[in-house]
Amino acid sequence: MSGQRVTLPYGSWPSPVTAADVARGEALAEWVGFVGGEVWWTEARPEENGRGALVRHTADGAVEALGPGWDVRSRVIEYGGRPWAAVSADAEDGVVFTHAADQRVYRWRPGSDPVPLSPAGAWPGELRYADFTVHGDEVWCLREAVSDRTARRAVRHVVALPLDGSAAGDPAAVRELAATHHFMTGPRIEPGGSRVVWLGWDHPSMPWDTTELMGAVIRADRTLGAPVRLAGGDGQSVTQAEWAADGSGRLFAVTDPDGWWNVHEIRQDGTAVNLCPRAEEFGEALWRIGLRWCLPLADGNLAVFHGAGERRLGLLSPDGELTDVRTRFTEWFFPATDGRRIAAVAAAADTRRTVVLVDPAAGTTETLGTPADTARDPWVSVPHRRTYRGADGAGVHAHVHPPRNPEVRGPAGELPPWLVFVHGGPTSRTHLVPSQEIAYFTSRGIGVLDVQYGGSTGYGRAYRERLRESWGLTDVRDCATAVRGLIADGLASADRLAIRGGSAGGWTAVAALAADPDLYQAAGVYYPVLDPAGWRSHGTHDFESHYLDGLIGPWPAAGDRYDQQSPLAGAARIRSPFVLLQGLDDTVCPPSQAERLLALLEDSGVAYRYLTFAGEGHGFRLSKTVVASLEAELELYGRVLGFEPLF
C-alpha cells in the first residue's frame, strides 16, 4: 500500500478482493471437540469440494487426523448434524465419525485405519447417523433412514451401535432405542446415572416452533423405559438439553416459555425454573442436529453463549449469576469442553472465524487457528449494528457495512451506492463477522446493508413470529424500512440502491422489486423460490416439507395466500433491471420457477440477464460459476447506479 489515499468515485475503487477470492472461500471450522487433552474440529475445505477434514491441534500446530480420503460430514435432515465424537477421555480409544460418501459410522484408533460400525444401506446415504455419545460398549446416536435419494420421506430412531463393529455386517445388531417423533436429536445420557433425554418434534412444526424434551430410564438390559415429556410442546421450543457434569443429576434445557431461549433447570417434579431470565437468546434455531450453546462444567457452572443479535461467552453459576468472560470475540459457534476449558469457533466484526481455547480459571484465551485467521484485514469494512423504526414503531435490525479501502476515498459530497443483502433461511440470521463476499463490494466503494428482517433468529420469539404467515410481506417491508432509515441517516441517496438475495433471499429480492418499484434500481437474484404452491407440489426434502405452513399458511386452507404472497403475483409492477442466476440441476428451486418470472415479464420492457449454469444445484459450488455471477452483478450495478467497476 502506498500510504496515501487517492480520491475516486464510489464503486470504481481498485480492490485486491476478486471474484475468484470469493469463490475460493476459506476453510470453515466446525464441530469442535476434545480428544484426550487435544482440541479437534472439522474443517470444510472449499478447494476440496467442501470435504470435511478432521483436524487435531498438536504441539506442532493443526494437522489432519485422518487421511485425505475421509470426509467427516453427516447428511441428516440434509443440513447435517454433529458428525463425530471421542470414544472416551482417553485419546487411545479414538473417535467415531460419519463418512460423507456412504454415511456409515466408522471408528478410528491411533495407528490404525478406520473400520465401519454401521451396516451399509441399500444405496450410499440411505442410512445416515449423527449426534454421537458413547455408553459402555455402544455408540448411541440418531439414525435417519430415507425412503429414496431425494430424501423427501424419512424415519428416525435413536439407536445403539456396538463399538466392536459387529453391526457393520449384521443390521440386526443395531438396537433401536426410541422413536417418539418424526424428527429427533441424538441422546444425552446422565453422567453416572440411568436416565437419557433427547428432543423431538413433528410436522408441521419446525424446531423453532415447538419441540418436546423427552426422557426415559435406562434399564439394566440397556433398553429404555417408556418415554415421558419433560418440557416443551404447546408452542414452546426446547433447542438444547444437557445434564450437569458434576454428578448432581441436574438437567438443563434451553427453552423459551417466556419468548426467549433462556437456560432452565428441569426438576424431577416437572417444574422448569429459569436460571437467568433475560431478553436475550442463550440458543439458536436448531437447523443442524447436535448444535450446542450451553455447556455444563465440572465445577457446576455452565458455559453459555448469550445476547441479542450477537453472542458473548459467559459463565452461569448454579444460583443464576451470569459473568461474562472477557474476550474480543462477539460471535461463538460449536463449543466443546473438557469440564474445565472451553474450545469453540469464535469471531468478531473485524476478526475472522478461528478456533480458540478458553481457560476461565486462568483468564486466558489461546488462538489455535493460523495467524491469517485472526488478522485484522484492512480491506474489510468496519460494520456496526443499527435498529431502524418502521411506521408502526417496530424495530428492524440490520448490519451496516460502509465502504472501506485503505488506499482510496470517495469524492467530497458524493454518497456511495448501497447494496441490500437479504439472507436466506428465512428463519436464520447472518453474523457480524468478516465476509469475502461483502468485502468484494465494500472494498470497491459500495456499501452493504445486511438486513435481519422479521423472522430472523437471535432476537426472541416475537421477532421471529413476525414472519408467520407473512413471508413476502414482512421481509419486504422490513428491508424497505432499513433502506429508508439508511437514507434518513444521510449515508445513502435514494437513486443508488440495489438489492440481492439467494433462495429465500431471492424470493424477498424479487418481491421487493414488485412492492417498491421506485426504491431499488437493480437486483441480483440467485436460484430464487418464486412459486410456493409449485414448490410445495414439486416436493422438497423432509425437514422443510411443511415449512410453508408457518411462512404462508396451512395447505390447502390458505391456498389463496400462496398465490397472493408469491413474488410472481406482483411481476407486472417490476420496472428495475435485474440479473437472474440459476443452476440447471437445482432440485430445490428448479429453473422452471425462474422461467415463470421471465415469461411474465416477456412484454414488459424490463431489462434482465438470465444466466444458467450446468452442473450447479441449489447453492453454487464451482469457482467459474461464482466468478461469472459476481461479475455479472457488478456490471449491472455499475451500469445502473452510475459507476465504472474494476474487475
Inset, instruction - Salt-bridge test for Arg429 and Glu284: reply yes if a basic N is under 4.0 Å from a carboxylate O, no otherwise. - result: yes
Inset, instruction - Answer with yes or no after comparing the ring centroid distance for Trp332 and Trp293 against a 6.0 Å cut-off, counting only values under it. - result: no
Inset, instruction - On the 0 to 90° scale, with breaks at 30° and 60°, tag the Tyr547-Trp287 ring pair as parallel, tilted or perpendicular. - result: perpendicular
Legend entry - Any donor-acceptor pair under 3.5 Å from Trp507 side chain to Ser503 backbone: no
Legend entry - Residue pair Ala509 / Gly501: nearest heavy atoms and the distance that separates them: CB-N, 4.2 Å
Inset, instruction - Look only at the side chain of Gln593 and the backbone of Asp531, and say whether a donor-acceptor pair between them is shorter than 3.5 Å. - result: yes
Inset, instruction - Please collect all side-chain hydrogen bond (donor to acceptor under 3.5 Å, both in side chains) contacts where either partner lies in residues 61-73, sequence neighbours excluded, each pair once. - result: Arg45-Glu64, Arg51-Glu64, Asp71-Arg73
Legend entry - With sequence neighbours excluded, residues passing ring-ring contact (aromatic ring centres under 6.0 Å, His included) with His397: Tyr459, Tyr463
Compile the donor-acceptor pairs under 3.5 Å between side chains in residues 608-617 and protein atoms, sequence neighbours left out, one pair per line.
{"residue": "Tyr610", "atom": "OH", "partner": "Glu595", "partner atom": "OE2", "Å": "3.2"}
{"residue": "Glu616", "atom": "OE1", "partner": "Arg621", "partner atom": "N", "Å": "2.9"}
{"residue": "Glu616", "atom": "OE2", "partner": "Arg621", "partner atom": "N", "Å": "3.4"}
{"residue": "Glu616", "atom": "OE2", "partner": "Leu622", "partner atom": "N", "Å": "2.9"}
{"residue": "Glu616", "atom": "OE2", "partner": "Thr625", "partner atom": "OG1", "Å": "2.7"}

Inset, instruction - Kindly assign one of parallel, tilted or perpendicular to the pair His401 and His399, based on the angle between their ring planes and the thresholds 30° and 60°. - result: perpendicular
Legend entry - For Glu281, salt bridge (charged side-chain N to carboxylate O under 4.0 Å, His left out) partners two or more places apart: Arg464
Inset, instruction - Look only at the side chain of Thr98 and the backbone of Tyr129, and say whether a donor-acceptor pair between them is shorter than 3.5 Å. - result: yes
Legend entry - Residue pair Ser443 / Ser15, side-chain donor-acceptor N/O under 3.5 Å: yes
Legend entry - Phe334 ring center near Trp31 ring center (under 6.0 Å): yes
Legend entry - Gln103 side chain to Arg75 backbone, donor-acceptor under 3.5 Å: yes
Legend entry - Any donor-acceptor pair under 3.5 Å from Asp21 side chain to Thr18 backbone: yes
Legend entry - Pairwise ring-ring contact (aromatic ring centres under 6.0 Å, His included) hits with a residue in residues 420-445, at least two apart: Phe333-His431, His423-Tyr453
Inset, instruction - Let me see the working for Val96 and Tyr106 under side chain to side chain contact (heavy atoms under 4.5 Å, CB included), right down to the final yes or no. - result: CA-CA 6 Å; Val96 295; Tyr106 290 79; over 6 Å; no
Inset, instruction - Keeping the roles fixed (side chain from Glu144, backbone from Ala154), state whether a donor-acceptor pair exists under 3.5 Å. - result: no
Inset, instruction - Take Glu38 and His57 through the test side chain to side chain contact (heavy atoms under 4.5 Å, CB included) and record every step on the way to the result. - result: CA-CA 6 Å; Glu38 291 181 351; His57 187 267; 5.9 Å; no
Legend entry - Exercise: identify the closest heavy-atom pair between Tyr79 and Arg288: O-NE, 3.3 Å
Legend entry - N-O pairing of Arg353 and Glu30 below 4.0 Å: no
Tell me which donor-acceptor pairs under 3.5 Å the side chains of residues 639-647 have, and how far apart each pair is, sequence neighbours excluded?
{"residue": "Arg639", "atom": "NE", "partner": "Glu635", "partner atom": "OE2", "Å": "3.1"}

